[in-house]
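Working notes, beginning with the structure itself.
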Amino acid sequence: MSKRKTETADPGRDPYLDREREKYESPVPSREYIIEQLENQARPLSRKDLAELFGLEDEDALEGLRRRLKAMERDGQLVRNRRNGYVVVDNEELVRGRIRSSADGSGVVHPDRPGPNVYLAPREMRRLLNGDRVVVRLTGDDEQGRPGGELVEIIEHANHEIAGRYYEESGIGFVVPNNKRLHQDLIIPAADRNGAKHGELVTAEVVSQPSQRRQPIGRIIEVFGTQIAPGDEVAVAARTHGIPVEWPDEVLRESERFGDQVPAENKTGRRDLRELPLVTIDGADARDFDDAVYCEPTRSGWKLIVAIADVATYVTTDSALDTEAAERGNSVYFPRNVVPMLPETLSNGLCSLNPEVDRLCMVCEMQINPEGQLTRSHFYEGVMNSSARLTYEDVDAIHNHRDPSLRRQHQGLLKHIEHLYEVFHAMRRDREQRGALDFDTTESVIEFDGAGQVADVHPAERTDAHRLIEECMVKANVATARFLRRHRIPALYRVHEPPAEERLKNLREFLAQTGLRLGGGDEPTPGDYAELIEQIRKRPDRHLIETIMLRSMMAAEYRPDNAGHFGLALDAYAHFTSPIRRYPDLIVHRAIKHVLSKQPIEAFQYTEDQLVTVGEHCSMTDRRAEEATRDATMTLKCRFMAARLGEEFTGVISGVTSFGLFVELDDLFVDGLIHITNLEQDFFHFDAIGHRLVGERTGKEYRLTDRIRVRLAQVNIDDGKIDFDPIAHPLGPDGEPLPQPARGERPDRGKRSRKGGARSRRRRR
């Protein structure tokens, strides 16, 4: 049987040939053209076949093809079969993505491109750890109807250092990871224990990744001691979640070359905004200022200018700075520290829009009509000089409380602040009109004393000054997305998909128990959600219903394919406003600059497939930052509560599980667990749909957002866990206990749903 002949493809028809010629003296076919031709051939091709296909004969071209194919394998675009034939990934059979593991040793692959998650059985996870990037082959649905897969190739290992607690048993040393998603312990040889003792918190370097037959092997590089010392909570949280903390020497050297002043030659060719009273408005503890605003009325509404730090001028794609920024993905803001995406010489210096110094900026100039809608916008490079560094509290005091001292201090800015509030109120009306979601959530603030100890925990105050800046940034991001779409240049959008079918089903089943319904059928709109929020605004169980509605939402992510933003009720949205602290914003700036320079779109430095990978990575670092911040915050809250053992508090049930109740304390916003063994001596049934525990014998019911009085029983600072004992439940609005049914009498609302139910029994002591 004769071998099938490989036809010839004309390299001159490569749509990205110009881009390749700019990069390389001897260009080879682009990644896009290689994938296109492999798909056209509809069969695997070897490197020799591909060279023949593209007519490549000289040694430089053949070496260039070899390197390109190797890079495409490394990035998960191609895999080789047993006959060394290249196959395109992200087809009907092969999927690439990132692993998210479970405590039982199984895992799911979150695909880089939109599609269902792929389930991996524990046997497929033996060589993997949480966060690894892989290529898997679909093998069909498993017993539970989930798409199943088998491991084909590991693209990248995500865990190089692991924080955890060191133990020794029968002479064998191992580290149990703090991150509960890391389902394998790390074996530590005797020579690599670095003086660590049994039970101490450590950081270990992964020397050898797990294999099919053994666990990962590591060596200890840092010892924290038996407890997390005050000030170490950030370091432990960062290492637990793999957040880079140290700066490579080359990155620091590059950042220090720029100095602290903008050279005169960098200001030429830019629009001069230094006479315009642009101001920054941020939190009192902010140190990097990446956005400034200005507004003035016009005949058709307002002219709104949002000026953003021009980071792309300093952080270029061929630099160590860019490599490190891409790896970090974003800055991580802890309660009293920040792990920045860029070194402080840039993030707090040359790239920060500090007052009364010249700074380079990217400008989005918009026309807002009286209805608060964006009618026109354009972008340009500018140079500015911030007139003032204002805080949210300053602006609120100036505008709403008419503070005489602050109004005298900022006399020249008063009318401009008034104009900002005018356009803000118009934009808020537009937000409400289009049905954007506006959940009333509250965050906590941790205050420290002079010795660095936690002095207080209290709810953050959110004023119209916060909302003003938020609306200005949203409008600039909308203008950015429109610009990118209009010029058809590849970039990253901030995508928020509509709720998934299963989540909608659970939400509707819950709402049915409350006498409410969500409109929109199988495809509800943001307006349907907004209408429901308005209906429940005055209900006493509003917080409960909003909590369940929030849980029905998908997580936002970065993707090159625009699918709109459900929560903001927008058909396109892209992050433009924070390039100091978000890498996707930096990519968007580069796309805008490319268009402004009038270069061909085909010559843009990012391919669509590269953006898929970068978007997935930045979505992961976004989630990673949230988890690390939550861990560090909980450690600090535990430290604050440890001195209050035995005290009584009032709170609300914030979570209901088969093993107990989570309670959030009033004012402190501290969460803890009432284990089911500490409830009444009864059999409790867990109603997953109704979010409640119901006593089989007593009919006693614990529901999400019920008010309850508890006693602080135990605090574990290292594990970030707080335990409560119940005292009185449920409580009325006045904090007094409500009457309960007599023993054996079941209340109407105690009718439990058999679906998804679990039976839990109080342990007899």
Side-chain angles (χ1 to χ4, degrees), residues 8-41 50-51 53-56 60-61 64-65 67-78 86 88-91 112-113 312-313 315-319 322 326 362 378-381 479-493 495 558-563 572 574-576 579 583-618:
T8 302
D10 181 7
R13 299 182 63 182
D14 186 343
Y16 297 95
L17 184 59
D18 289 341
R19 183 193 67 203
E20 298 301 317
R21 282 173 173 162
E22 285 186 10
K23 288 184 177 181
Y24 309 105
E25 289 185 11
S26 301
V28 296
S30 67
R31 294 186 181 209
E32 296 92 336
Y33 197 50
I34 290 173
I35 290 173
E36 177 187 321
Q37 293 304 314
L38 279 170
E39 290 174 341
N40 289 343
Q41 293 289 322
L50 285 167
L53 177 70
F54 296 120
L56 305 179
D60 288 344
L65 178 65
R67 292 182 178 181
R68 171 138 297 171
L69 293 173
K70 185 176 181 180
M72 293 176 74
E73 279 190 274
R74 180 197 64 217
D75 294 340
Q77 293 177 287
L78 302 176
Y86 287 94
V88 178
V89 178
D90 293 330
N91 55 28
D112 288 353
R113 296 183 182 275
T313 290
V315 182
T316 56
T317 54
D318 57 350
S319 65
D322 183 64
M362 291 291 294
H378 66 285
F379 292 81
Y380 51 85
E381 297 177 322
T480 300
R482 292 182 182 180
F483 179 91
L484 298 173
R485 294 174 74 189
R486 184 167 66 249
H487 293 282
R488 295 194 175 98
I489 187 165
L492 288 175
Y493 293 88
V495 173
Y558 294 104
R559 298 208 318 243
D561 61 306
N562 171 47
H575 277 164
F576 162 76
Y583 193 74
D585 301 49
L586 180 55
I587 290 179
V588 165
H589 278 228
R590 288 168 177 163
I592 294 171
K593 283 174 170 283
H594 187 86
V595 173
L596 294 180
S597 66
K598 302 190 185 316
Q599 297 180 65
I601 298 302
E602 294 76 14
F604 187 47
Q605 55 201 301
Y606 293 100
T607 67
E608 195 267 349
D609 193 83
Q610 284 176 308
L611 290 173
V612 167
T613 303
V614 174
E616 189 283 327
H617 174 76
C618 291

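Numbering of residues begins at 1 and proceeds along the displayed sequence. What you see below is based on every heavy atom in this structure, not just the backbone, and it leaves out hydrogens, waters and symmetry mates.
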(Q) Is any side-chain heavy atom of Met72 closer than 4.5 Å to one of Ile35? (A) yes
Q: Taking all non-hydrogen atoms of both residues into account, name the closest pair between Ala326 and His617 and its distance.
A: O-NE2, 3.0 Å
**Q.** Chi angles and distances behind the side-chain contact (heavy atoms from CB on, under 4.5 Å) call for Leu65, Ile34
**A.** CA-CA 10 Å; Leu65 178 65; Ile34 290 173; 4.3 Å; yes
(Q) With ring-ring contact (aromatic ring centres under 6.0 Å, His included) as the test, pick out the partner of Phe483 among Phe576, Phe379, Tyr380. (A) Phe379
Q | Partners meeting side-chain contact (heavy atoms from CB on, under 4.5 Å) with Ala591 (sequence neighbours left out) | A | Leu484, Ile489, Ala491, Phe604
Q | pair Asp585-Met362: side-chain heavy atoms closer than 4.5 Å | A | no
Q) When you check the side-chain N and O atoms of Arg590 and Gln605, is any donor under 3.5 Å from an acceptor? A) no
Q.
Treating Asn562 as the side-chain partner and Tyr493 as the backbone partner, does any N or O pair qualify as donor plus acceptor under 3.5 Å?
A. no
Q) Do Asp609 and Arg31 have side chains that get closer than 4.5 Å, going by heavy atoms? A) no
Q | Pro600 backbone acceptor or donor facing His594 side chain under 3.5 Å | A | yes
Q | Beyond-backbone contact of Pro579 with Val588, side-chain heavy atoms, under 4.5 angstrom | A | no
**Q.** Check against ring pair (Phe, Tyr, Trp, His ring centres under 6.0 Å), Tyr33 and Phe54
**A.** CA-CA 10 Å; Tyr33 197 50; Phe54 296 120; 5.8 Å; yes
Q: Name all residues meeting the side-chain hydrogen bond (donor to acceptor under 3.5 Å, both in side chains) criterion together with Glu36; count only those two or more places apart in sequence or in a different chain, and write none if there are none.
A: none
(Q) Show the nearest heavy-atom pair for residues Val612 and Pro560, with the distance to one decimal. (A) CG2-CG, 3.6 Å
Q. What pair of heavy atoms forms the shortest contact from Arg68 to Pro29, and how long is it?
A. NH1-O, 3.0 Å
(Q) Checking Tyr558 now: which residues fulfil side-chain hydrogen bond (donor to acceptor under 3.5 Å, both in side chains) with it, not counting sequence neighbours? (A) His575
**Q.** Under 3.5 Å: donor-acceptor pair, side chain of Ser597, backbone of Lys593
**A.** yes
Q) Does any non-hydrogen side-chain atom of Leu78 lie less than 4.5 Å from one of Val88? A) yes
Q.
Within the 3.5 Å criterion, strictly below it, is a donor on Asp318 or Thr316 matched to an acceptor on the partner's side chain?
A. yes
Q) Name the one of Arg559, Arg113, Arg488 that satisfies salt bridge (Lys or Arg N to Asp or Glu O under 4.0 Å) with Glu608? A) Arg113
Q) So, do Leu611 and Ile587 sit near enough that their side-chain heavy atoms are less than 4.5 Å apart? A) yes
**Q.** Interatomic spacing from CG in Leu38 to CG in Leu50 - rounded to 0.5 Å
**A.** 5.0 Å
Q | Candidate pair Val28 and Arg67, rule side-chain contact (heavy atoms from CB on, under 4.5 Å), full reasoning | A | CA-CA 10 Å; Val28 296; Arg67 292 182 178 181; over 6 Å; no
Q: Taking all heavy atoms of Ile601 and all of Pro490, pick out the closest pair and write down the distance.
A: CG2-CD, 4.1 Å
Q: Check Leu492 against Gly615 and note the closest heavy-atom contact, atom names and distance.
A: CD2-CA, 3.8 Å
